[in-house]
Amino acid sequence: MELNSKYNPSEVEDKWYAYWEKNRCFHSEPDSREPYTVVIPPPNVTGILHMGHVLNNTLNDVLVRKARMDGKNACWVPGTDHASIATESKVVAKLKGMGISKEDITREEFLKYAWEWKEEHGGIILQQLRKLGASCDWDRTKFTMDPELSKAVIATFVHFYKKGLIYRGVRMVNWDPEGLTAVSDEEVIHRDTKSHFYHLKYYISDGKGNPTDDYLVIATTRPETIMADAAICVNPKDERHFRLHGKKVLIPLINREIPVIEDDYVEMDFGTGCLKVTPAHDAHDYEIGLRHNLPVMDIIDDHGRLNEQAQILVGQDRFEARKNIVKMLEEAGNLVKVEEYTSPVGYSERTNAVIEPKLSAQWFLKMDELASKALESVESGKVKLIPDKYRNTYRHWMENVHDWCISRQLWWGQQIPAYYLPDGKIIVEATPEEALKAAQTLNPAYTAADLRQDEDVLDTWFSSWLWPISVFDAERPGHPEHKPNRDLSYYYPTNDLVTGPDILFFWVARMIMAGGEFMGDVPFRNVYLTGIVRDKQGRKMSKTLGNSPDPLDLIAKYGADSVRIGMLLCSSAGNDIFYDESQVEQGRNFCGKIWNAWRLINGWNVDTKGEQPDYALAAVKWFDNLLSRTITEIEDHYSKFRISDALMAIYKLFWDDFCSWYLELVKPAYGCAVDGITYEATVTFFDKLIKLIHPVMPFITEELWQAMEKRGEGESIMFQRTPVAGPFDQDFLGKFALLQEAIVNIRAVRSQKGIAPKQELDLYIADGTFDELVPVLSKLGNVKVFKGKFEGAATSFIVGTVSMSVALDKFVNVDEERAKLAADLDRQRAFLDGVRRKLANKGFVDHAPEAVVAIERKKEADALQRIDALENALKSLGA
RNA sequence: GGGCGCAUAGCUCAGCUGGUUCAGAGCACCUGCCUUACAAGCAGGGGGUCGGCGGUUCGAAUCCGUCUGCGCCCACCA
């Protein structure tokens, strides 16, 4: 088949992806083969493909395609995550655009809009993944809010509730005033933020609510919360404040009287040693409040605005109120001074709003027991983290875990199956019907109208932690007594999980917990943690910075294979990825190389009766051995998840070894035909090479494999077997490497002396070490080879221990050659000295293993031989 | 503040159990080539005190200590 002179990726990629999908090449069903399973880290249903996804899914696809070609039953389950906060805020925004406020519509109406939105805009990313070449089993696509997956989530809640691990309680939680929901500790990101430290005067009360002349000074970063103060706290040992014990002070501006209390919590040497206690708006203050029975006064509403309780600045946003109250305090004479201050502030992971500590009733899952089991799974090596360094981080987290706040004040998600009875009792059952039945066992008079379901939904991670189970068998979570279905028994546990370290705790750890709870086994064997994709300057790629290229643009420009290569080239596990477009260009260049190599082979005239020349015989033997050795290396890299090393090994094998050496060697002279044996061998090599390349570059390899000969409908390179390494002759490969060195030397001589490649030179070789490879030398070096020493003007070099001389009567400058040889001789003598010093060292000879000493002795002998050869060469130059 | 990790060529990184001629790779760079697969290419070449200091060892890029400079995770001294 004729090939275009240029490779056109976009045409080829669309064609083959459509072909793969039409023939359901990615679909997997349980059978007698060994399974290889991965589940996709479900991207947000609202998401669009970014470079992080590209990295992640490329790695995943490489592993899946490799496993498939290794003969395993590969199954990669795709899907999306309902992402409650992100999706809900998008829907709210859309409704706002339509003039509809969430408060004005019912839950049912809102959900109708949300589902419409999801059907319309959701899952774009799954289309985009196809462009990348991801070989997902699309027939198995799941969504975390699919009816059966939601059922699994509800069942899980009921399971843990009845087990006593889920409880409802009033706690200080992280409130997101933008998302209007509580979030878990893990969803709060602390960032050092510049702010101010305001020193405020609180006058001591005379006991009747009037200020005296005496005052104390507190330091706060949040002056807008003073109206919620319940006390001033000092350290009982702090002598400076003994006079305050038992006194009351007045809150500035509103003159409310609050007591001075004593508690060890207060550090004497921080701030002024006086702490204002605001139980409603600070987690520590809340604790102090509990210890001292202080009232809780909440002055901030869900949106982060001051409410009626504040008395002043009512309705203002907390940050606006802060500015204003500072002015008021200054005017009132309560402001002593303002300091610049940097302190960590919590931000919502989803909305980036400043988190407001807020007291509210939420649902929690006890983590102690689950976490210790999940820790054990990793410590024992049942789950391997790659790279290993994350074990430490993981351990630290699992040992310091807090109960998980699982309720969210949202509508998009699985509604908590808790039902309140009129008397406040809580019934937890999977469905309203079951709940009613349970209620009626308490009092048969209850009707459905007496049950009020909890308004909140569950944290999205509370559904994604079931993902590796529920995508196969949604009946199982919450029901460990259920027999796993056929899919689950076959595919679980999955093999590898590729994901970012940022969700190690959010997701990975919790999947391990759920796996232990419902399957009694870990959900995966290996977790490959990728780095974060950064730009050339080391900045994290983000939409706001605008430094992230659109992967689809890149794919359109360079082709998906090139983008995959660009990503993989710089992706050693666990290290951040410094992305640069030049790497994608390298991928594109590699496509061109592969393409042209086939064009060359494909264009040869073949003489089936022709005799195989000696150089071709040697070339085939060499590449055959080298292929085996390199496959061994590649397999080793894969087994250790060194994907970029595996790629580099393949890359060099193809480009340097196959193209630059092998093809140059066997390629017939212009107008001549290649013999049949060499041709067949070359085609076989090419076939093996593109099979090795397929997992990293699926498209171009499919195109060429299909171009090589007519294939049947539905056939694909992806179902071919990975080439296996045979035994290889290390000595022969070593000898060939030396020969390559000789050829490089000859080329260098030409280059330095300006001798055209076409001009044949005479080469003298001292002995018969390379006899078998002389035809190779002649062809690639364009030399006529003579055995023995050359007497006359020549340039000489040592290959291994063999001296070679290029006769150069016409070109050589004897002085230059002499100087070169002398320099080389000096180097060899210095080397010999070093080796001899080592061997003369009794400590070395006595302590070092015999093999190491033997190597040194060999070095000594070789060096002596080389020195001898160099001396002879010098002599023949008349030195 | 606590914990973990990193530092090797201009850039990105390998270097696994301390010992092969170990100081490497890719990219970038320099020189010469439009050689009939490929200029997105071919051939050749330069470039590093392995962050500093000290130690262990016959032997250290590799192990230990320490300092410096980065990065990450955890932690609300208000």
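Quick note on labels: first sequence line is chain A, next is B, and so on, each numbered from 1.
Distance noted for atom P between B:G41 and B:U49: 31 Å (whole Å). Separating the P atom of B:A60 from that of B:G54 is a span of 14 Å, rounded to the nearest Å. As rounded to the nearest Å, B:C67 and B:G44 have C1' atoms that lie 44 Å from one another. Rounded to whole Å, the separation between the C1' atoms of B:G24 and B:C16 comes to 15 Å. Atom P of B:G48 sits at a distance of 13 Å from the matching atom of B:C11, rounded to the whole Å. Across B:A25 and B:G69, the matching C1' atoms stand 26 Å from one another, rounded to whole Å. Using P as the reference atom, B:A39 and B:G51 are 41 Å apart when rounded to the nearest Å. Look at the P atom in both B:G26 and B:G45: the space between them is 13 Å, to the nearest Å.
Residue-level contact check: A:Gln828 touches the bases, meaning some heavy atom is under 4.0 Å from a base atom. A:Glu664 comes within 4.0 angstrom of a base, heavy atoms only. Among the heavy atoms of the strands, none lies under 4.0 Å from A:Trp604. Counting any heavy atom pair closer than 4.0 Å across all strands shown, A:Ala748 reaches sugar-phosphate atoms only and no base atom. Among the heavy atoms of the strands lying under 4.0 Å from A:Val744 are primed sugar atoms or P, OP1, OP2 only; no base atom is included. Nucleic acid contact class of A:Ser660 (heavy atoms, under 4.0 Å, all strands): sugar-phosphate only. When heavy atoms are screened at a 4.0 angstrom cut-off, A:Asp282 is found touching base atoms of the nucleic acid. Heavy atoms of A:Tyr651 sit under 4.0 angstrom from primed sugar atoms or phosphate atoms, though from no base atom. Counting non-hydrogen atoms under 4.0 angstrom, A:Tyr341 reaches the backbone sugars and phosphates but no base. A:Cys659 comes within contact range of at least one nucleobase, with a heavy-atom separation under 4.0 Å. Using a 4.0 Å heavy-atom criterion, one finds that A:Pro501 contacts no nucleic acid atom at all. A:Lys640 comes within 4.0 angstrom of a nucleotide base, judged by non-hydrogen atoms across all strands. In this structure, A:Lys276 reaches neither bases nor backbone, as no heavy-atom distance under 4.0 Å exists between it and the strands shown. Among the protein residues, A:Arg588 comes within range of the nucleic acid bases, having at least one heavy atom under 4.0 Å from a base atom.
Contact annotation: side chain of A:Gln586 to base of B:A28, donor-acceptor pair absent below 3.5 Å. In this model, no side-chain donor or acceptor of A:Lys389 finds a partner on the base of B:C4 within 3.5 Å.
Side-chain contact, A:Thr632 with A:Glu635: no donor N or O sits under 3.5 Å from an acceptor N or O. For the residue pair A:Lys753 and A:Thr795, no side-chain donor N or O sits within less than 3.5 Å of a side-chain acceptor on the partner. A side-chain donor from one of A:Thr278 and A:Asp229 sits under 3.5 Å from a side-chain acceptor of the other.
Annotation: cation-pi geometry not satisfied between A:Arg510 and A:Phe505 (NZ/CZ under 6.0 angstrom from ring centroid, within 45° of ring axis).
Note on A:Lys838: every side-chain N or O is 4.0 Å or more away from OP1 and OP2 of B:U20. Between B:G41 and A:Asn596, no contact under 4.0 Å exists linking OP1 or OP2 to a side-chain N or O. One finds a side-chain N or O of A:Trp655 lying less than 4.0 angstrom from the OP1 or OP2 phosphate oxygen of B:C42. Within the 4.0 Å cut-off from OP1 or OP2 of B:G15, at least one side-chain nitrogen or oxygen of A:Arg642 is found.
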- Message: Determine whether A:Lys640 and A:Asp636 satisfy the following criterion, salt bridge (Lys or Arg N to Asp or Glu O under 4.0 Å), listing intermediate values before the conclusion.
- Response: CA-CA 7 Å; A:Lys640 291 169 183 157; A:Asp636 184 53; 3.1 Å; yes
- Quick one: do A:Glu581 and A:Lys557 satisfy salt bridge (Lys or Arg N to Asp or Glu O under 4.0 Å)? Show the steps, please. CA-CA 11 Å; A:Glu581 195 160 318; A:Lys557 187 170 169 198; 3.0 Å; yes
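A:Arg318 pairs by the side-chain hydrogen bond (donor to acceptor under 3.5 Å, both in side chains) definition with A:Glu356, not counting sequence neighbours.
Secondary-structure stems of RNA chain B, taken as three or more successive Watson-Crick or G-U wobble pairs (i with j, i+1 with j-1) under a 3.5 Å distance threshold, comprise B:1-7 with B:68-74, B:10-13 with B:24-27, B:29-33 with B:41-45, B:51-55 with B:63-67.
Ring pair A:Phe658/A:Phe654: centre-to-centre distance below 6.0 Å.
When each of A:Trp397 and A:Arg599 is assigned the nucleotide of RNA chain B bearing its nearest heavy atom, the one mapping closer to the 5' terminus is A:Arg599. If you find the closest nucleotide of RNA chain B to A:Tyr7 and to A:Val266, the one lying nearer the 5' end belongs to A:Tyr7.
Stacking between A:Phe844 and B:C58 is absent: the aromatic ring centre is not both under 5.5 angstrom from the base six-membered ring centre and within 30 degrees in plane angle.
Atoms CD1 (A:Ile594) and P (B:G41) sit 13 Å apart, rounded to a whole Å. When rounded to the nearest whole Å, the span between CD of A:Glu633 and C1' of B:C16 equals 14 Å. One atom, NE2 of A:His396, and another, P of B:A75, lie 8 Å apart when rounded to the nearest Å. For the pair A:Lys753 NZ and B:G45 P, the interatomic distance rounds to 13 Å; values are reported in whole Å. Atom pair A:Lys6:NZ and B:C38:P shows a separation of 9 Å (rounding to whole Å applied). Between the CG atom of A:Leu375 and the P atom of B:C74 there is a distance of 16 Å, rounded to whole Å. When rounded to the nearest whole Å, the span between NE2 of A:His190 and P of B:A75 equals 6 Å. Rounded to whole angstrom, the span from the CD1 atom of A:Ile226 across to the P atom of B:A78 amounts to 19 Å.
Using a 4.0 Å cut-off between charged nitrogen and carboxylate oxygen, A:Asp846 and A:Lys842 count as a salt-bridge pair.
Among the nucleotides B:G41, B:G26, B:A75, the one closest to the side chain of A:Pro344 is B:A75. Listed nucleotides B:A43, B:C27, B:C77 differ in distance to A:Phe270; the shortest reach to its side chain belongs to B:C77. Comparing atom distances between the A:Lys652 side chain and each of B:C73, B:C38, B:A25 picks out B:A25 as nearest. Considering only the side chain of A:His402, B:A75 comes nearest among B:A75, B:A37, B:A25.
Closest approach of A:Ser562 and A:Cys591 over heavy atoms only: OG-SG, 3.7 Å.
The distance from the CG atom of A:Leu275 to the CD1 atom of A:Ile288 is 5.0 Å, given to the nearest 0.5 Å.
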